[in-house]
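Structure first, then comments.
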Amino acid sequence: MKCNVCEFRCDIDEWSRGRCGNYSCTGDTIIQDPDLGYLGAYPVSIETIPLLHYYPSGKFLQVFSTGCNFQCSGCVARLLASGKSLDLPVVTPSQVVEKAVQQGCLGVVSTLNEPAANYYLFKDLVVQAKEKGLLAGCSTNCYFTGETLEELGKLVDFMNIGIKGYSDKSYINCGVPSSAPVFRNISRLFDMGVHIETSVVYLRGNEDDVINVAKALSNISPTIPVQVMRFIPFGDAPIELEPL
């Protein structure tokens, strides 16, 4: 059975848990690992997400889980993205929302690992947060399918979208066939009224790709912020890719 959360549309059966490792098939339904939860919930300034033009200096409760549908060399959240069990106690969406209210946060935000890898958990969190009058959003690679994006775009208030580059080559380096779904989704989210900010990775030698990202976003709307993020070679990434 196909999982329709992200554009990989993994075939999932009793032996497969999908590319991100967090989904399984029960009968004719794709479900999320029932043991999956958030591994931390900490108040942060919204600028750390990074979101620089949305409730400046606002306090939000940051949460994270495990798993990712990308395989990026030099990932800053490599351990969380790997989907490996960290054998830590988990926090439920209701506990996250309760803590956000208690600490006077404006909202909740999913970061560090990719929310597509725990989509049903994140959706549950957003719904419960909205019931308490909280804002909700995430940082994401935005490789959702069109149908998932339509649902998600009606729920979230804001997103930071991490862009690997404009060319398909930039995405192939992360094990992803094309950049097209990301720009399609950004355009749709903007039309839906979601507050969008973007972060593009700057590696040595990819200056033209960064410029093309800015041009593509400007064609969607010149109001979409573009943050240029210096590539830092974590893990097995070659140091030669770090900009001078």
Side-chain angles (χ1 to χ4, degrees), residues 1-12 16-23 30 67-78 81-83 110-119 122 138-153 156 159-192 194 196-222 224-229 231 233-238 241:
M1 186 174 182
K2 285 194 179 296
C3 174
N4 288 320
V5 172
C6 86
E7 281 289 344
F8 281 106
R9 298 182 188 271
C10 297
D11 285 311
I12 295 178
S16 170
R17 294 175 59 85
R19 183 182 175 94
C20 66
N22 285 341
Y23 297 101
I30 298 292
C68 187
N69 52 352
F70 280 25
Q71 298 168 350
C72 303
S73 176
C75 176
V76 67
R78 186 181 187 91
S82 71
S110 173
T111 65
L112 297 178
N113 83 295
E114 171 53 42
N118 47 260
Y119 178 66
F122 178 58
C138 63
S139 58
T140 174
N141 58 43
C142 211
Y143 208 64
F144 298 102
T145 61
E147 50 265 46
T148 296
L149 192 84
E150 289 296 317
E151 178 181 56
L152 185 60
V156 298
M159 283 190 186
N160 175 277
I161 298 169
I163 301 175
K164 309 307 175 184
Y166 180 76
S167 67
D168 287 345
K169 180 181 177 181
S170 298
Y171 277 79
I172 289 170
N173 289 337
C174 290
V176 184
S178 173
S179 65
V182 175
F183 290 96
R184 175 203 70 200
N185 288 345
I186 292 173
S187 180
R188 180 59 185 143
L189 287 167
F190 180 82
D191 289 343
M192 296 178 80
V194 177
I196 299 167
E197 298 189 26
T198 62
S199 303
V200 57
V201 178
Y202 168 41
L203 297 83
R204 189 188 308 182
N206 81 330
E207 291 83 1
D208 289 344
D209 214 37
V210 171
I211 291 170
N212 286 332
V213 166
K215 288 179 178 179
L217 293 172
S218 181
N219 287 336
I220 296 171
S221 172
I224 298 175
V226 182
Q227 302 175 49
V228 178
M229 310 296 283
F231 179 78
F234 288 96
D236 58 356
L241 293 179

Sequence neighbours excluded, every pair satisfying salt bridge (Lys or Arg N to Asp or Glu O under 4.0 Å) that has a member inside residues 196-209: none
Spatial distance of atom CG (Asn173) from atom OG (Ser73) [nearest 0.5 Å]: 8.5 Å
Side-chain (Asn113) to main-chain (Cys68) donor-acceptor, under 3.5 angstrom: no
Salt-bridge criterion met for Glu147 and Lys2 (N-O under 4.0 Å): no
By salt bridge (Lys or Arg N to Asp or Glu O under 4.0 Å) - contacts of Arg19 (at least two apart): none
Test ring-ring contact (aromatic ring centres under 6.0 Å, His included) applied to Phe144 - qualifying residues, sequence neighbours left out: none
Test item: Leu189 and Met159 side chains (from C-beta on) under 4.5 Å apart, heavy atoms: yes
Polar side-chain atom of Asn22 near backbone of Ala117 as donor-acceptor pair, under 3.5 Å: yes
Close side-chain approach of Glu114 and Asn141, heavy atoms under 4.5 Å: yes
Residues Asn4 and Arg9: side-chain donor-acceptor under 3.5 angstrom: yes
Under the ring-ring contact (aromatic ring centres under 6.0 Å, His included) test, residues paired with Phe190 that sit two or more places apart: none
Tyr23 side chain near Met1 side chain, heavy-atom distance below 4.5 Å: no
For Ala214, all residues meeting side chain to side chain contact (heavy atoms under 4.5 Å, CB included), sequence neighbours excluded: none
Side chain proximity check, Lys164 to Ser179, heavy atoms < 4.5 angstrom: no
Inter- and intrachain pairs under salt bridge (Lys or Arg N to Asp or Glu O under 4.0 Å), touching residues 176-185, at least two apart: Glu7-Arg184
Considering all heavy atoms, the nearest Ile220-Ser187 contact: CG2-CA, 3.8 Å
ring-ring contact (aromatic ring centres under 6.0 Å, His included) partners for Phe8, two or more places apart: Tyr143
Donor-acceptor under 3.5 Å (Thr111 side chain, Cys138 main chain): no
All side chain to side chain donor-acceptor pair (under 3.5 Å) counterparts of Lys169, not counting sequence neighbours: none
4.5 Å side-chain heavy-atom contact, Val194 and Leu152: no
Sequence-distant partners of Asp191, side chain to side chain donor-acceptor pair (under 3.5 Å), two or more places apart: none
Minimal non-hydrogen separation, Ala116 against Val5, with atom names: O-CG1, 3.5 Å
With sequence neighbours excluded, residues passing side chain to side chain donor-acceptor pair (under 3.5 Å) with Tyr166: none
Check: Cys142 main-chain N/O paired with Asn185 side-chain donor or acceptor under 3.5 Å: yes
With sequence neighbours excluded, residues passing side chain to side chain contact (heavy atoms under 4.5 Å, CB included) with Ser199: Pro50, Asn160, Gln227, Met229
Shortest non-hydrogen contact between Gly162 and Tyr171, atoms and distance: O-OH, 4.3 Å
Least distance between heavy atoms, Ile224 atom then Leu217 atom: CD1-O, 4.2 Å
Listed partners of Val201 passing side chain to side chain contact (heavy atoms under 4.5 Å, CB included), at least two apart: Leu203, Phe231
Side chain proximity check, Pro115 to Thr140, heavy atoms < 4.5 angstrom: yes
Test item: side-chain donor near acceptor, Asp168 and Ser178, under 3.5 Å: yes
Atom of Cys3, atom of Ile12 and distance for their closest heavy-atom approach: CB-CD1, 3.6 Å
